[in-house]
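Structure, as structure tokens:
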Amino acid sequence: MRLAGSLLLSFALPAVLAFSISDALAARREQVVLMQGNVAGKQVVETAADGSVKVEYHFTDRGRGDRSKTRWKLNADGTLADYAGSGNDYLLNPFEERYQVREGRASWKNPSESGERALSAPAFFLPLQAAPEISGALARALLQAPERKLAILPGGEARLQTLGEYEVAGKNGPVSLTLQRIVGLDFTPRSVWLRGDGETAALIVASGWFVIIDADLQGALPKLLELQEQADAKWAAEMTQRLTHVPKGPLLIRNARVFDPRDLAATPGTSVLIEGERIVRVAPDAQLKAPENAEVLDARGRFLMPGLWDVHKHYASIEDGALDIAAGVTSARDVANNFDTFPERVKRFDAGSEIGPRVLMAGFIDGPGPYAGPTKMLVDTPEEALKAVDFYADRGYVQIKTYSSLKPELFPIIADRAHARGLRVSGHVPAFMSARQFIEAGADELQHLLFVELNFMYPRVQDTRTKARLTEVGEHAYEFPPDKPEVREFIDFLKRHHTVIDATMALEEDLYSGDPDAKTPPGLRGVAERFPPQAQRGLSWGALKPPHGKEEAYKQALPSMMRLLKALHDAGVTILPGTDALAGYMLHAELEVYARAGIANAEVLRLATLTPAQVLGVDKDRGVIAAGKLADLVLIDGDPLADMRDIRKVDAVFKGGKRYDPGEIEQALGIVPRKKPAVAE
């Protein structure tokens, strides 16, 4: 998930970017950056006497993170007249960004964008690597804009809605705040908290996962989060009511080509009868008569398959659940989230008041330290480790996910208690521990295929808390082909231990794709162009830039990992598809990588449907289109058995018998719906 932190490098603002600003400052504000409640950085906003603004911003996340210095001047209408910034992005790639308006013409340039446009009306430029304060500046500009609406550069339009005024307890007494919602930038609205004088008080992102807030308001954060969550839930409920189609009686899907992952067969001329949330009967068309009050859907010979799974999710944004359903993902596993708020969201998914899949929750545990993961559950002693496992087990979590800063000696304690409570155990391999040791100590599963690769580099590479876990694989993965004896031996080891691999191949394709300045991951090209203009920016983690002399090694990293994936599958090691990235669409990309790696398409579809249900113990209800199962189905306009790219041609999705139209969901999220082929009469 792309929320995260830096090595705190120091960047000087180039002289060419300097403004002539009065030395006398009119105001200076400091805000704290929190990740899962832990202090991760700071934003300092200085406003000069002439209104010019200077912002210094940084946050750290596991050795990564943004750091920037930016300056801007505003026009009288609140839009940017001049902007300059420099620093490093989340993966520590350096950047410089510039925007200016001269004689009615706007121009901009950053590492992945450049353009210019004549301005016939006010427009607000959104920098690609902006500090959070820019959202406050945009909100203030929208407050004074006609109809609270502004064109956005490089593209799109933003509107402002004031949701309410609230009084909260500040450090020095009551503070009046307004909750503003900016609509049109992304798939869903962006919330900004403003003080009575218009200054930015707080930005709460991803249900409190990431927060920028005035220091004197930290005590009020739980209340602000509660109010914002209520607003988000109301927005989601209204969309859900519009887009959920509930049959008035039984639903009969006729003339479908039904895929069965148990025997990999696709049977044409098949009918599926659904009553309520479950499948009642599956039979040849001629053998199944429609009940008297049934709603009949003619599949017209199209491909009908069980709902897809994504086993590596972080439901952060309010659009994630809807994006999953639009892509045919009806079941998922979330492997790290805000345990204060996320269980309530899962309940909304289950109740049908918010569009989203059926979600199993994994509890996230790490150890304290400079590279600790984004969680409040940091443990340093056996007693704390046991208490953390019990916390999650008591709240209905089905799995524990550990992370890189956990003390290796605590992992067996966690694994044993988790297994005693009936929970599975997985994670990143803790630093100073090999994948082999991790599995021998009780791990059922590895997150990310790169940890299999890192096993071959141990003990030379031991500290995997930092970016080294990415770069070492980039430099050395090609050295470990599947036919190498030590690789074959470890594959056999994984098979003997029934170890499951949550591979996240589409994410690794993004990291090793070879273009550090790309905005769009390879797996989203051809899809992202339909997204709202601002949502198209920054979808990629950003490919890793090879060190000088290592270009060929990096070029071979992804092909080497794909060969390893195929060898693992061929040996009988269980692979589960997960994304750790943009909801829905990246799961399609994940499956396409599997197919390109040489895994047969029918087997890929089994990995994405029945296999996760079996591994996670819910195959009694999910994974197959059969009598008695939950009616979680996906109707495809193409044939993914012949071409895995057709998995993207989702025409209808059913969750518990309720139907969702992907085009309607996409339109509600500002996405241009996929063009469907004309149907012959």
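Residue numbers run from 1 in the order of the sequence given.
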Response to the item:
By salt bridge (charged side-chain N to carboxylate O under 4.0 Å, His left out), Arg460 pairs with (sequence neighbours left out) Glu472
Worksheet item: With sequence neighbours excluded, what pairs up with Asp416 under the side chain to side chain donor-acceptor pair (under 3.5 Å) test?
Response: none
Worksheet item: Ion pair present between Glu445 and Arg333, side-chain N to carboxylate O less than 4.0 angstrom?
Response: yes
Discussion item. Go through it in stages, so that I can follow the logic: the residues are Asp621 and Arg358, the test is salt bridge (charged side-chain N to carboxylate O under 4.0 Å, His left out), and I'd like the CA-CA distance, side-chain angles, deciding distance and then a yes or no.
Written reply: CA-CA 11 Å; Asp621 291 320; Arg358 306 178 194 277; over 6 Å; no
Fill in: Donor-acceptor contact below 3.5 Å, side chain Arg436 vs main chain Asn455
no
Response to the item:
In this structure, CG of Leu454 is separated from NE2 of His428 (nearest 0.5 Å) by 10.5 Å
Worksheet item: When the aromatic ring centroids of Phe364 and Tyr392 are compared, is their separation below 6.0 Å?
Response: no
Discussion item. Can you confirm whether Arg345 sits close enough to Asn337 that some side-chain heavy atom of one is under 4.5 Å from a side-chain heavy atom of the other?
Written reply: no
Item to complete: Please examine the side chains of Thr464 and Phe451, heavy atoms only from C-beta on, and report whether any two atoms are closer than 4.5 Å.
Response: yes
Discussion item. Whether the side chain of Lys467 engages the backbone of Leu91 through a donor-acceptor N/O pair (distance < 3.5 Å, no angle test) should be reported.
Written reply: yes
Practice prompt. Given side-chain contact (heavy atoms from CB on, under 4.5 Å), test Thr499 with Val573 step by step and report yes or no.
Written response: CA-CA 7 Å; Thr499 306; Val573 176; 5.6 Å; no
Worksheet item: Is Gln462 reaching over with its side chain to a backbone N or O of Pro459, donor-acceptor style, under 3.5 angstrom?
Response: yes
Practice prompt. Would you sort out whether Ile491 and Lys495 count as a side-chain contact (heavy atoms from CB on, under 4.5 Å), showing the intermediate values?
Written response: CA-CA 6 Å; Ile491 291 174; Lys495 171 63 176 173; 5.6 Å; no
Worksheet item: Is the backbone N or O of Ala316 less than 3.5 Å from a side-chain atom of Asp320, with the two atoms forming a donor-acceptor pair by type?
Response: yes
Worksheet item: In a check of side-chain contact (heavy atoms from CB on, under 4.5 Å) between Val329 and each of Asp324, Val634, Thr579, which one passes?
Response: Asp324
Fill in: Validation row: Leu470, Leu511 side chains within 4.5 angstrom (heavy atoms)
yes
Fill in: Trace of the side-chain contact (heavy atoms from CB on, under 4.5 Å) decision for Ile575 with Leu568
CA-CA 8 Å; Ile575 309 293; Leu568 287 163; 4.1 Å; yes
Worksheet item: Can a salt bridge be assigned to the pair Asp463 and Arg469 using a cut-off of 4.0 Å between side-chain N and carboxylate O?
Response: no
Fill in: Pair Arg421 + Asp394: basic N to acidic O under 4.0 Å
yes
Worksheet item: Are any side-chain N or O atoms of Thr381 and backbone N or O atoms of Glu384, one a donor and one an acceptor, separated by less than 3.5 Å?
Response: yes
Discussion item. Ignoring hydrogens and geometry beyond distance, is a side-chain donor-acceptor pair present between Asp580 and His314 at under 3.5 Å?
Written reply: yes
Worksheet item: Does the side-chain contact (heavy atoms from CB on, under 4.5 Å) test come out yes or no for Met35 and Lys376, once each step is laid out?
Response: CA-CA 9 Å; Met35 291 190 71; Lys376 301 171 189 174; over 6 Å; no
Worksheet item: Any chance the side chains of Gln447 and His312 put a donor and an acceptor closer than 3.5 Å?
Response: no
Fill in: Minimal non-hydrogen separation, Glu475 against Ala553, with atom names
O-CB, 3.4 Å
Worksheet entry | Euclidean distance, Lys620 NZ relative to Leu630 CG, rounded to 0.5 Å | 8.5 Å
Practice prompt. With sequence neighbours excluded, tell me which residues meet salt bridge (charged side-chain N to carboxylate O under 4.0 Å, His left out) with Glu486.
Written response: Lys484
Discussion item. Quick check: closest heavy atoms across Glu509 and Gly523, and the distance to 0.1 Å?
Written reply: OE1-N, 4.0 Å
Discussion item. Tell me whether Asn601 contacts the main-chain N or O of Leu641 through its side chain, where contact means a donor paired with an acceptor under 3.5 Å.
Written reply: yes
Item to complete: Keeping the roles fixed (side chain from Asp66, backbone from Tyr90), state whether a donor-acceptor pair exists under 3.5 Å.
Response: yes
Worksheet item: Below 4.5 Å, heavy atoms only, C-beta onward: do His588 and Val650 meet side chain to side chain?
Response: yes
Worksheet item: Just one of Phe411, Phe493, Phe432 clears the ring-ring contact (aromatic ring centres under 6.0 Å, His included) bar with Phe438, so which one?
Response: Phe411
Discussion item. Less than 3.5 Å apart, any donor N or O on the side chain of Ser426 or Gln399 sitting next to an acceptor on the other?
Written reply: yes
Worksheet item: Which is it for Ser331 and Arg622 under the side chain to side chain donor-acceptor pair (under 3.5 Å) test, yes or no, and what are the steps along the way?
Response: CA-CA 9 Å; Ser331 290; Arg622 306 185 223 176; 3.0 Å; yes
Item to complete: Could you check Asp380 against Lys407 for salt bridge (charged side-chain N to carboxylate O under 4.0 Å, His left out), going step by step and ending with a plain yes or no?
Response: CA-CA 7 Å; Asp380 200 37; Lys407 290 178 179 177; 3.1 Å; yes
Worksheet item: Would a distance-only check, ignoring hydrogens and angles, find a side-chain to backbone donor-acceptor pair under 3.5 Å from Lys629 to Gly623?
Response: no
Item to complete: Look at Arg645 together with Glu592 and state whether they make a salt bridge at an N to O cut-off of under 4.0 Å.
Response: no
Practice prompt. Taking all heavy atoms of Ala332 and all of Lys313, pick out the closest pair and write down the distance.
Written response: CB-CG, 3.9 Å
Worksheet item: Given Tyr397 and Phe342, is the ring pair (Phe, Tyr, Trp, His ring centres under 6.0 Å) satisfied, shown in steps?
Response: CA-CA 11 Å; Tyr397 286 68; Phe342 185 59; 8.1 Å; no
Item to complete: State, without any angle test, whether Asp444 and His497 hold a side-chain donor-acceptor pair at a distance under 3.5 Å.
Response: no
Worksheet item: How long is the gap from CG on Asn110 to OG on Ser86, to the nearest 0.5 Å?
Response: 13.0 Å
Fill in: pair Pro357-Trp309: side-chain heavy atoms closer than 4.5 Å
no
Practice prompt. Could you walk me through whether Asp492 and Arg496 pass the salt bridge (charged side-chain N to carboxylate O under 4.0 Å, His left out) test, one step at a time?
Written response: CA-CA 6 Å; Asp492 292 341; Arg496 289 196 311 274; 5.5 Å; no
Fill in: Min side-chain heavy-atom separation Leu576-Ile501 under 4.5 Å
no
Discussion item. When you measure from the centre of the six-membered ring of Phe391, is the NZ or CZ of Arg395 closer than 6.0 Å and no more than 45° off the axis?
Written reply: yes
Worksheet item: Is the shortest heavy-atom distance from the side chain of Val32 to the side chain of Ile213 under 4.5 Å?
Response: yes
Fill in: Ser434 side chain to Gln437 backbone, donor-acceptor under 3.5 Å
yes
Item to complete: Keeping the roles fixed (side chain from Thr375, backbone from Met377), state whether a donor-acceptor pair exists under 3.5 Å.
Response: yes
Practice prompt. Search all heavy atoms of Ala535 against all heavy atoms of Asp186 and return the closest pair with its distance.
Written response: CB-OD1, 3.2 Å
Worksheet item: Side chains of Tyr594 and Glu590: do they bring a donor and an acceptor to under 3.5 Å?
Response: yes
Discussion item. Would you say the ring centers of Phe349 and Tyr315 fall short of 6.0 Å from each other?
Written reply: yes
Worksheet entry | Between His476 and Phe480, ring centroids under 6.0 Å | no
Worksheet entry | Side-chain touch Arg67/Tyr57, heavy atoms, less than 4.5 angstrom | no
